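Structure first, then comments.
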There are 2 protein chains.
Amino acid sequence: MDSALGTRPGAGRVTIGDVARVAGVSIPTVSKVINQRDGVAPATMLRVQQVVEDLGYETSLVARSLRSSRTGVVGILVPEFEPFSTELLRGISRAATGTGYELLAYAGLMTGADRPGWERRSLSRLSGTLIDGAIVVTPTTALSSSSIPVVAIDPHTGPEGHATVDADNEAGAVQAVEHLLALGHTRIAHLQGRADLASAQLRAAGYRSALTAAGIPVDECLLRDGGYQEDQSAAVARELLTLDDRPTAVFAANDSSAIGVLRAAAEVGLRVPEDLSVVGFDDVPQASTTTPPLTTVSQPLAELGSHAVQMLLTMLRGEPTTDHVRLPTTLRVRASTGPAQRPAPGR
Amino acid sequence: MDSALGTRPGAGRVTIGDVARVAGVSIPTVSKVINQRDGVAPATMLRVQQVVEDLGYETSLVARSLRSSRTGVVGILVPEFEPFSTELLRGISRAATGTGYELLAYAGLMTGADRPGWERRSLSRLSGTLIDGAIVVTPTTALSSSSIPVVAIDPHTGPEGHATVDADNEAGAVQAVEHLLALGHTRIAHLQGRADLASAQLRAAGYRSALTAAGIPVDECLLRDGGYQEDQSAAVARELLTLDDRPTAVFAANDSSAIGVLRAAAEVGLRVPEDLSVVGFDDVPQASTTTPPLTTVSQPLAELGSHAVQMLLTMLRGEPTTDHVRLPTTLRVRASTGPAQRPAPGR
DNA sequence: CTGTTAGCGCCTTCAA
DNA sequence: TTGAAGGCGCTAACAG
C-alpha cells in the first residue's frame, strides 16, 4: 500500500531512470536528449522527448549540480529577508532577467551565537556547486578564498580583496548631520549600526566629522549602539530621550533604527518633528510610510543590486572587472525633521 | 600547477574526504561526528571536530539532500522578485526565524513563452529534495501531485485541492469601488489583472457587483487588461484616458497597474486626483511613495506570508491543517482619490 | 567503536 | 547510435 519506493513510476519524483524505462532506452541516452547532445537517432530523440513531456520530467537541480560544475544559477546570500535585502533583491532580479541565469536567494536565519560567520557557512554549503557565483549581502567577515566568483554588497571592511559594491556611507552621513545642523540643532545623537560592518563605521565617522567641522565637540554620551535593528534601537533611544540633557535630534544609522527611535519618541511623549528631529539612512520603501514620513539618506538600493549582478556576470564570463563600485547617496527630506525649537529642555 | 583536483586539500571546496584524510579516519566516521550520531569514541570525535574547524568544512547542501530526505530548508518559489513577492518574503522570514528551518527563495525569471508552468518546473527541479516543503507564490496552474508539502499564496483558482492562503479579493474590490462611488464617480474604469489568477477574476467580480449594486450598468469599454504590470497598464490607460467619454476614476487591479495609470495620467496631462481618481490594490510599500500617494486596498502581505509558513510547518510536522486561510483587506485612503468634479468632459 | 559496501540522480568517458 | 561503468559528496546500513 505504501510502497512509495522507486518501483513504480508516478510515485514521487520522476527521475531520468523512469523516463529511460518508459522510453525503452538507457539512461545516458535520455541524458543526451535532454542536454541537446548529438549522437542520438532522430527517431529515438523524438520518442524520448515525448516521454519526457508525458511524465513531466525535469532534471533535478541537485543531482545535476553534484556532477557538472555549471548550474546557471546565481546565489544571493542574505542573513534574513528584511527591507534592505529585499530591495537589493528587486534590483538584482530586474538586472538578471533575460540573462539566462536563475536566482536563488538563501537566508540562513541565524540568530545569536552562530550569527557571525553565517556567510562563510552558507557559501560553503551552496558552492559545491548549487550556484555558479554569489552575491553576499552584508558579510561580517572577509570570506577569503571561495571556489566561486563572489561579489559583496556593503561588506565587512570596505573594498579589500574581493569585488564589492556599496554606497558612499561617509558622505551620506555628513549630508544627514549637516541637514540637522542647518536646522539649528546642536545636540545631535547618533544610533550606531552593526560594528562589524564598514558601513556603520563610516556613517559614524561622517557623523563625527560633520560635527567637528561645525565646531561642535562630539559628546560621547550621545553615541549609542542600535545594531541596525528596530527593537534594539527603540530600547536604546528610550534611554537617550529621557536624559536630563536630551538630544533634540537623532541621526540613526539606518531606517530600521530610525523607526525604532520614532516608536520610542511616541512612548516617551515627544512629538516628531516639533520636539525631536529624526534622520535615517537607506531609504527603504517603508521609510515613507512612517508617521511622520522619515527624512533619510537615500541609497540607490536597487541599483546597488543591479551593479552587483553585472559585476558577477562579468566575472562569470571570465572577463576582468573593476573591483569596486561606489554609488552616491542623496538626502531625502520628508517630515521627521524640523527646526530646533529651544536650546535644550530642563536647563 | 593547475591540479585543482581533489588531490590537495585547500584547493577548491573542502569535502568530507579531506577532513577524513587529515583526521586519519574514514569518511563515515566524519559523517557520524557531523551529524551528532553516537558510536564514536570521544577522542576521535574531538579530533575530527578540530579538523572540521581548522579546515572550515561545511556539509554540502547538495550532496546531503541527494542522499537523505530531510534538509531543513523551506523553498519559496516566485516568478520574480518584485514588491509583492518580496513583502511576502519578509513575513515568511520573520515567521520562520527560530524554527530551525532555513529559507531558499527561487526565481526562475521566466519570460514569454515558457512563463506559464514555471512553478511546476521549479518545483520539480528543487523537490528532489533540496527542500522539505515549498511555498509557491501566484502559481498559474494546479500543481497537482507534488512529492512534498506545498502551500500556495494567491493561487490559480481559489482553494482547490492543496493548501492556500489569500486575501478576500472580492470584498476588497467592492471596498475600492464603493469608495469611488461615494466620491460621486460614475464612470469608473477597471484595469484587470492576470487572467490566470483567481485574485484578478475576483477583483473584477467585485468591481462588477459594486457597480451593479449601485444601479450603474457596467460599461465593457471601461474594462481593460493591465496584466498586473506597470508598463502594460500605462499603455492601456493612455487609450482609456484619451477616450471621448473618458472615465473620471480608475480602479487598477494592483498597485503596479495603478502606478502605470499615474504615469499615463501625467503624460496625458490629467491631474490626480483633481481630474482623475486612481485606486490600487495590494498596498506594497512603494504605494505611499508615489505622487500623489496612492489610495489602495491593503492586503496584509507579511501576514499572508507568515500564515503560509505556519501552515507549511504544520504539514511538515505531519499534523493536520486547515486547507485554506483567507485574510481581510482594508481600504487605505491616501491622496490619489478625490470627488468627481464634473459629470464628464466634452459632453 | 570503526570501516566497508552501497546507492541517491545525474553526467561523462569509453566500448560495443 | 547506443549502453555499461564509474564517480560527484554524502549518509545508512551492516560487517569487522
Side-chain angles (χ1 to χ4, degrees), chain A residues 4-7 9 11-21 23-48 52 55 57-72 124-131 147, chain B residues 4-7 9 11-21 23-48 52 55 57-73 124-131 147-148:
Chain A
L5 238 44
T7 330
R13 230 188 138 280
V14 180
T15 76
I16 197 172
D18 297 329
V19 176
R21 198 175 319 125
V25 296
S26 76
I27 291 179
T29 303
V30 177
S31 174
K32 281 176 198 157
V33 173
I34 292 164
N35 299 302
Q36 328 253 30
R37 298 190 125 44
D38 42 46
V40 181
T44 328
M45 182 152 156
L46 243 52
R47 184 154 37 98
V48 171
V52 166
L55 265 45
Y57 168 78
E58 286 297 336
T59 69
S60 158
L61 186 56
V62 174
R64 165 176 299 192
S65 49
L66 191 56
R67 197 75 190 85
S68 70
S69 48
R70 194 173 175 288
T71 58
S124 212
R125 279 171 71 81
L126 298 183
S127 77
T129 74
L130 227 199
I131 54 182
S147 44
Chain B
L5 237 44
T7 330
R13 228 186 142 284
V14 180
T15 74
I16 197 173
D18 296 328
V19 176
R21 198 175 318 126
V25 295
S26 76
I27 291 179
T29 303
V30 177
S31 175
K32 282 175 198 159
V33 172
I34 292 163
N35 298 302
Q36 328 252 33
R37 297 191 128 41
D38 41 48
V40 181
T44 325
M45 184 152 152
L46 244 51
R47 184 155 36 97
V48 172
V52 166
L55 265 45
Y57 168 78
E58 286 296 337
T59 69
S60 159
L61 185 58
V62 175
R64 172 187 296 218
S65 50
L66 190 56
R67 196 71 191 91
S68 71
S69 47
R70 194 175 174 286
T71 58
V73 178
S124 207
R125 280 171 70 81
L126 299 183
S127 77
T129 72
L130 226 199
I131 54 182
S147 44
I148 55 173

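Quantities reported herein were computed from a predicted structural model and do not represent experimental measurements.
- Across all strands shown, I27(A) has no heavy atoms under 4.0 Å from either base or sugar-phosphate atoms.
- Close to dT11(D), at under 4.0 Å from its OP1 or OP2, lies no side-chain N or O of R70(B).
- Contact between the side-chain N/O atoms of T15(A) and the OP1/OP2 oxygens of dC8(C) is not found at any separation under 4.0 Å.
- Within the 4.0 angstrom heavy-atom criterion, no nucleotide atom of any strand lies near S65(A).
- Comparing V25(B) and A63(B) by the nucleotide of DNA chain C whose heavy atom lies nearest to each, the residue mapping closer to the 5' end is V25(B).
- Residue contacts for S60(A): at a heavy-atom cut-off of 4.0 Å it reaches the sugar-phosphate backbone alone, with no base atom in range.
- Between dT1(D), dT11(D), dT2(C), one nucleotide has an atom nearer to the side chain of A41(B) than all others, and that is dT2(C).
- Here dC10(C) is the nucleotide among dC10(C), dT2(C), dT11(D) with the atom lying nearest to any side-chain atom of Y57(A).
- Listed pair T29(A) / dG3(D) meets the phosphate criterion, a side-chain N or O lying under 4.0 Å from OP1 or OP2.
- In terms of position on DNA chain C, the residue among R67(B) and R37(A) whose nearest nucleotide sits closer to the 5' end is R67(B).
- As judged by a 4.0 angstrom heavy-atom cut-off over every strand, T59(B) is placed among residues touching the sugar-phosphate backbone only.
- Of the listed nucleotides (dC11(C), dA12(D), dG3(D)), dC11(C) has the atom at the smallest distance from the side chain of R64(A).
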